Amino acid sequence: MGLKMQGHHHLVAVSLNEQQLGAKRKYTSYVPRTNQGKYLVLWIIVFGFAAIHVYRCIDEGHQQRIQEGLVSMCDQRARMLQDQFSVCVNHVHALAVLVSTFHYYKNPSVIDQDTFAEYTARTAFERPLLSGVAYAQRVMNSEREDFESQHGGTIRTMANKEPSPHRDEYAPVIFSQETVSYLNLLDMMSGEEDRENILRARSTGKAVLTSPFKLLGSHHLGVVLTIPVYKSKLPPNASVRDRIEATAGYLGGAFDVESLVENLLGQLAGNQEIIVKVYDVTNTSDPLIMYGRQTQEGDQTRIHVSRLDFGDPFRKHQMTCRYLHKAPISWTAITTAFLGYVIVFLAGYMFYTGAIHIVQVEDDFHTMQQLKVRAEAADVAKSQFLATVSHEIRTPMNGILGMLALLLDTDLSSTQRDYAQTAQACGRALITLINEVLDRAKIEAGKLELEAVPFDLRSILDDVLSLFSEKSRNKGIELAVLVSDKVPQIVMGDSGRFRQVITNLVGNSVKFTEQGHIFVQVHLAEHSKAVQDAILETCMNGRSNGPQSKTLSGREAADDRNHWDKFKHLIADEEFPFQVLTSDGNFQDVNLMVSVEDTGIGIPLHAQELVFMPFMQADSSTSRHYGGTGIGLSISKCLVELMGGQISFISRPEIGSTFSFMAKFKRCEKNTVTDPKKSLYDDLPTSFKGMKATVVDTKPVRAAVTRYHLKRLGVLVEIVNSIKTAVSVSGSGQPDMILVEKDVWLSGDDLIPVSRPVSKSPKMILLATNITGGEFDKAKAAGFSDTLIMKPLRASMVAACLQQVLGTRKVEQGKVMANGSVYLRGLLCGRKILVVDDNRVNRRVAAGALKKFGAEVECADSGKAALDLLQIPHGFDACFMDIQMPEMDGFEATRRIRKVESMINEQQTSGSMDVCCNIRTTEWHLPILAMTADVIQATFEECQKSGMDGYVSKPFQEENLYQEVAKFFESKPATGS
Amino acid sequence: MEVNHTKSQINFTRNSLFEQGYLDEQFTQLEDLQDDANPNFVEEVVTLFFSDSTRLIRNVDTALENYPLDFCKLDDYMHQFMGSSSSIGAKKVKQECTQFQECCKARNAEGCIRAFQRVKQEHATLKRKLETYFQVSL
């Protein structure tokens, strides 16, 4: 068992889990569950690159602008230098023309040293780049002596200014500007650079430049410009030889490039920013610097080279420019990129922490969900366990109880009997407890379902009361029930569960009440509420007197709104302008307000909140004193809630408790209550209808209860305060009976013996909760009838007692009724009836039932036997025939009987009257009724086909039996009586 | 006091028979039929029922041993059994009989045998209980 159950529970848990998981799968997470750190790093790196890219984009524009500035500055300088240079060259050219014109074409020469010096000095501003110009004459070696003598000096070399050694030709300076007068008579051919220059100039006929070298007389770098001067005009296409032949001398000038460029740059804006260098790049592999320091300085990254054309095609020059300082860093770019990056970084971090938080919350959520599922599964498992275990325990417990019952029936000594009885009592208590636990578990497991069957509320309440009548009588408690007239006779609902709740509440009350009363009331909820509201208004005006004497037993009850003042209104149905039900509209629902009022020990205030909790009792001493588990009320609460109502209570310690609950039932429609369901009603005898009774009671509530029960029997009730008043009424107003409460009779001077009743005087009946033998004797002596009515009152019991008291009246009254057992008795009394059934038990029961109604019964155990008995002539008035019998079934037997009957009838009509002329003049037709347990099988047609007159269900139901029997007996007078 | 006690015990035994569903209202009707003219009517009928049903059970037992099962015969027996049961208001026995008959209709031999086991069981229980009840009440 344990194993099986475990497996089962496990399955339950698993299925629950799966359900939950299924539900969870619908939820998808958009947040990465792991590696958030990696995602963050990736984010940072990606946006780092992005920031660098942004920076580059911005910086590139910046750099481009810087480069453009450099290019424009460099080009500007190069152009200026080139322009100035070409201006100088042109001017030197002009000088060469001047020399050739005035020195060679004029004879004699009009130019001498002084003229040349003065002219050149005065035109020096035209040649700002030249430190000075000089003219050297071409002198062949043969002409040297003439030349020296003519100029009064010797030709000296440039290197050491010594007289020149012997050479083929010389180029001594004859005219010179004052700035370079030291060149006078120096042989230009003696200098390596100059000589080369001279040779190249005279062969090309153009201005040529030397490579840069340290100038004579200064430490600056310079270049020498040499222009040939020809003796005669040369044709443009003259050959090199012609040019050399025609060469008369050479005009030269030294460019002091360094200082020149310095001056030039000084004139320009932005001079400080850039470093300018000028190179002679004739030999590309070894560029010769003309200006600027050789050292690497300034911004190495940015350089611009501009080509310079100084007019000498043989030589190439270029200018390089670079910034003095490195280009300033672009702060805008850096700030933009950096700030952007910071923002993105922070956003990334936010996402990161957010994701971590979400994941954590999700994890928590999942954990919680799992815990919830587990808790729920555990709860279900617990309930199932309880249900199963309780069920399993019940079976052996029933065995134990049964065996104990059997044991008690054996011959036991008194001690043994005591032990066995104790064991049985304990076992019963245990079974009750187990049933309660089972109920509770069923409710919790949601397995309890209420059924909806029509039932009679009043009879159920009577039943419950009868359960406790013994106990309440022993304790001397008044136990009473009252159902409002407005409550329908039959309602639809779960009668068992309703009974359970009432039983529980009344049981509790009985348990905790030592004296006073327990009063169960049922009213329509709407009615009760309406009255409540009305009463509250009147209550505001102040109470007339104390609650005493206004409850059932006179003791104060917890809910003092429940006393007579209200009660009066609740039962005074005619007078009360009751509109609620009609305005309700929903006629299908019957909301009942049930209250159980007791005058017990009440519930301590501190425990009142716990009352409906399972296994909670007011305190531990309660369970010691009174026993019980405390589960009952919680079950009741669940049940009431299942019935669509709620339960509540008012309790005052030492005064009592009033539990009341509302429950919803369905109104049972009249047409659904057809004959078979009549049994739902109490089989209350209706023979008392129209009788009059006087109730002597000083307590109005108690009197109302008595009236309620009598009213159910159809008795008209009058309530008076004393026996005297009741007895004094005579004549037509005289009641059939007078019911006297014991305490009224005992108290006061009403104790006078009631005059011995004459024949027509009313019966005196005593109502008592408990009575001693002495009191009983006294009562009998006082003229009360032998039968007294013991409380708690129940309609059926009251009826039984009244029947006993009133004796034979029953039968006389019975004739008045249209149906019921009395009338049936009238129909069947004295009739001779044949019962045919192969089943002995059925036969006996049917015979017994029919005998009860006064019929004379004979039995047959088979169809054949019946046929024998029914040989005409016979004295039977009717035959009840079982259908399913061995050998010859009911249909067949009936067919044969009918056959015989028709044969006889034919004989009668044909005139052969001699056989049985004196007995009967009518046709033979024995009423045959089929008896069947199976109503469906035995359809009426089938019965008729075989000649039966009807069928009754087996076992007999009075209504059914009456209906069928009445069909053919009513018209005929009974033969026997 | 003693009488009172016994009376309450009888009542209790009787009520428990109803509450546990062994008996239904038909039994009450039988009790109603019992009067001065017929003081032991209920017991008589019940005794009749048990002797009858014991015979029937024996018949069914024999019928169940024959193979193949004669379902018609079984149904017949069971019908009788059910008739008597419902006559005395033996609710549980009747229910089991219905089960048996359904199995019969379905020609379910195994079901029949099992149902019959339950019938016998319920029958035995009821017998025991009613015997107790009558012993106490007499």
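These figures come from a predicted structure and were not determined experimentally. We name chains A, B, ... by the order of the sequence lines, and we start the count at 1 in each one.
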Query raised in the report: Looking at Asp463(A) and Arg794(A), does any basic side-chain N land under 4.0 Å from a carboxylate oxygen?
Result: no
**Report entry** Pair Glu31(B) + Arg14(B), salt bridge at N-O below 4.0 Å
**Finding:**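 Here Glu31(B) pairs with Arg14(B) in a salt bridge, since their nearest N and O are under 4.0 Å apart.
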**Report entry** chain A contact via Phe49(B) - which portion, at a heavy-atom distance below 4.5 Å
**Finding:** both
Query - Per-residue contact mode, Thr47(B) against chain A (heavy atom under 4.5 angstrom) - result: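 For Thr47(B), no heavy atom lies under 4.5 Å from chain A.
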Which value, rounded to the nearest 0.5 Å, describes the distance between [X] atom [atom1] and [Y] atom [atom2]?
X: Arg118(B); Y: Thr125(B); atom1: CZ; atom2: OG1; result: 13.0 Å
X: Arg843(A); Y: Glu858(A); atom1: CZ; atom2: CD; result: 12.5 Å
X: Phe116(B); Y: Tyr77(B); atom1: CZ; atom2: OH; result: 11.0 Å
X: Ser53(B); Y: Lys127(B); atom1: OG; atom2: NZ; result: 7.0 Å

Requested in this report: With chain A as the partner chain, list the residues of residues 54-65 of chain B whose heavy atoms fall under 4.5 Å from it, by residue number, and write 'none' if nothing qualifies.
Outcome: none
**Report entry** Residue, of Val46(B), Asp52(B), Asp76(B), that accumulates the most heavy atom pairs under 4.5 Å with chain A
**Finding:** Asp52(B)
Query - Heavy atoms of other groups near Glu451(A) CD, more than 12 under 6.0 Å - result: yes
